[in-house]
Amino acid sequence: MDLLNQMQHHVSVRDFEATSLSDEVKTKLFQAAQSGSSSNFVQAFTILDIKDRLVRNELADISQSAAYVKKSGGFFVFVADLNRQAQILKANHQSLAPLKNLESFLVATVDTTIAAQNMALMAESMGLGICYIGGIRNNLARVAELLNLPALTVPLFGMTIGIPTVKNGVKPRLPLNQFTAVDQYPRAGFTELKDYDQAVHQYYLHRSSHQKDTTWTQTQATFFAELRRPKVAQFVKKQGFELVK
Ligand SMILES: Cc1cc2nc3c(=O)[nH]c(=O)nc-3n(C[C@H](O)[C@H](O)[C@H](O)COP(=O)(O)O)c2cc1C
């Protein structure tokens, strides 16, 4: 299958065989993660392979995605990580302030996400299924405790990877003309969502499980009707990111 074809068949998998991923497969996945672009080559991420069943079960409960986090072939946590740089700067008797602003935090979150998506694509190319698990951000303080995270690290999301038993249908995406433009942002545009809403409506009505009667715009209005995870900012600051300047 060519790469675009593989990408266009992406679906999040939430039902896995219990078979664990082999060390060979994990090494390939980590090599894919290792190979992404990195802002100024900071390589500001760490991937934790969660093998301890008790830790994994608690992460599953925190993320409210219990069944599939507990059962997939592997569960990995992606940590935005400037602790390495902190050690280098300390050894060099330099100030840590440049690691603590919003720009550095963005650099680390972007690097981590690129690594994760490389790993996801590699897994899918091997016939495995994946699901990102942002649910770990439901209780970051406890996640940091469980994973023994030092200052200047923030766990962004988990990822389940394993052999799929059930696969959903592909979710229709925004059409190209609703997220690309030439030269300037089309202030009046990106609002032709009627056809897309219909496509998503049909998808939700007829998918194999958890059918619902809604459109994409409705799901967005509902999702953003309340503040999501208001404790994240406090946690990020507690980890040492001052996010000023
Ligand atoms: C950063 C991130 C966090 C996510 N967190 C969760 C999660 O906690 N639980 C879950 O079931 N799906 C999670 N997802 C999967 C999304 O719900 C899914 O990608 C989206 O609905 C599109 O569906 P698809 O991946 O099947 O195309 C997450 C996706 C991303 C990118």
Side-chain angles (χ1 to χ4, degrees), residues 3-16 33 36 45-48 50 56-80 105-106 108-125 127-140 142-143 146 154-162 164-176 178-179 196-197 199-212 214-224 228-229 231-232 235-236:
L3 184 56
L4 179 60
N5 198 318
Q6 178 198 312
M7 288 168 162
Q8 290 179 324
H9 282 86
H10 159 77
V11 292
S12 290
V13 172
R14 298 185 178 85
D15 215 323
F16 295 95
F45 58 90
T46 288
I47 304 169
L48 297 174
I50 308 301
R56 183 155 159 181
N57 287 349
E58 192 170 340
L59 292 172
D61 292 335
I62 288 170
S63 54
Q64 293 168 353
S65 309
Y68 39 104
V69 173
K70 284 178 186 167
K71 205 180 150 198
S72 62
F75 183 64
F76 304 89
V77 175
F78 288 81
V79 182
F105 180 66
L106 285 179
T109 56
V110 171
D111 268 20
T112 308
T113 308
I114 289 170
Q117 185 58 17
N118 262 13
M119 188 152 140
L121 287 175
M122 185 70 212
E124 289 176 337
S125 81
L128 299 167
I130 68 108
C131 188
Y132 281 85
I133 304 292
I136 64 164
R137 295 197 304 276
N138 290 337
N139 188 348
L140 282 171
R142 180 62 185 147
V143 171
L146 283 168
V154 174
L156 296 182
F157 43 77
M159 190 184 288
T160 56
I161 304 184
T165 42
V166 178
K167 270 188 145 182
N168 299 317
V170 172
K171 265 188 193 167
R173 290 325 212 236
L174 281 170
L176 304 190
Q178 291 303 296
F179 70 90
Y196 181 58
D197 265 344
V200 173
H201 188 207
Q202 289 305 309
Y203 164 82
Y204 280 136
L205 281 180
H206 300 298
R207 68 180 178 179
S208 51
S209 63
H210 302 101
Q211 290 97 343
K212 48 186 179 181
T214 188
T215 65
W216 186 73
T217 51
Q218 278 166 7
T219 60
Q220 299 311 294
T222 306
F223 185 75
F224 290 110
R228 317 300 304 193
R229 299 188 180 124
K231 289 185 179 161
V232 169
F235 172 81
V236 170

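One-based numbering, in listed order, for ligands and for the atoms of each.
Residue-ligand proximity, Lys171 to ligand 1, at heavy-atom distances under 4.0 Å covers atoms 20 (C), 21 (O), 22 (C), 23 (O). Set against the non-hydrogen atoms of Ser65, the atoms of ligand 1 under 4.0 Å away are 8 (O), 9 (N). Heavy-atom proximity to Ile133, at under 4.0 Å, picks out these atoms of ligand 1: 5 (N), 6 (C), 7 (C), 8 (O), 9 (N). The Cys131 neighbourhood of ligand 1 comprises atoms 10 (C), 11 (O), 12 (N), with distances under 4.0 Å to a heavy atom of that residue. Every atom of ligand 1 is numbered from 1 in the order shown, and the set under 4.0 Å from a heavy atom of Gly135 is 8 (O). Less than 4.0 angstrom separates some heavy atom of Tyr68 from each of these atoms of ligand 1: 9 (N), 10 (C), 11 (O). Within ligand 1, the atoms closer than 4.0 Å to a non-hydrogen atom of Ser12 are 15 (C), 18 (C), 19 (O), 24 (P), 25 (O), 26 (O), numbered from 1 in the order shown.
Judged by distance alone, the side chains of His9 and Asn5 do bring a donor and an acceptor atom under 3.5 Å apart.
Every N/O-N/O distance between Arg137 and ligand 1 stays at or above 3.5 Å. Taking distance alone, with nitrogen or oxygen atoms compared against 3.5 Å, Gly134 approaches ligand 1 more closely than that limit.
The closest donor-acceptor contact from the side chain of Thr160 to the backbone of Val69 lies at 3.5 Å or more, if one exists at all.
Within the structure, ligand 1 lacks Asn168 among the residues with a heavy atom less than 4.0 angstrom away. Heavy-atom distances between Arg173 and ligand 1 reach below 4.0 Å in at least one pair.
Residue contacts with ligand 1, taken as heavy atom pairs separated by less than 4.0 Å, do not involve Gln64 at all.
Between Ala33 and Ile47, the shortest heavy-atom contact is CB-CD1, 3.6 Å. The two residues Thr112 and Ala80 have their closest heavy-atom pair at OG1-CA, 3.2 Å. Residues Val143 and Pro155 approach most closely at CG1-CG, 3.9 Å, considering heavy atoms.
Classification of the Phe157-Phe78 ring pair by plane angle, with boundaries at 30° and 60°, yields tilted.
Under the side-chain contact (heavy atoms from CB on, under 4.5 Å) test applied with Ile62, the options Asn57, Leu140, Asn138 reduce to a single match, Asn138.
Counting only heavy atoms from C-beta outward, the side chains of Leu121 and Gln6 approach each other to under 4.5 Å. At a threshold of 4.5 Å between non-hydrogen side-chain atoms, the residues Gln117 and Tyr132 count as touching.
In this structure, atom 30 (C) of ligand 1 lies nearest to the protein heavy atom Tyr132 CB, 3.4 Å. In this structure, atom 17 (O) of ligand 1 lies nearest to the protein heavy atom Arg14 NH2, 3.3 Å.
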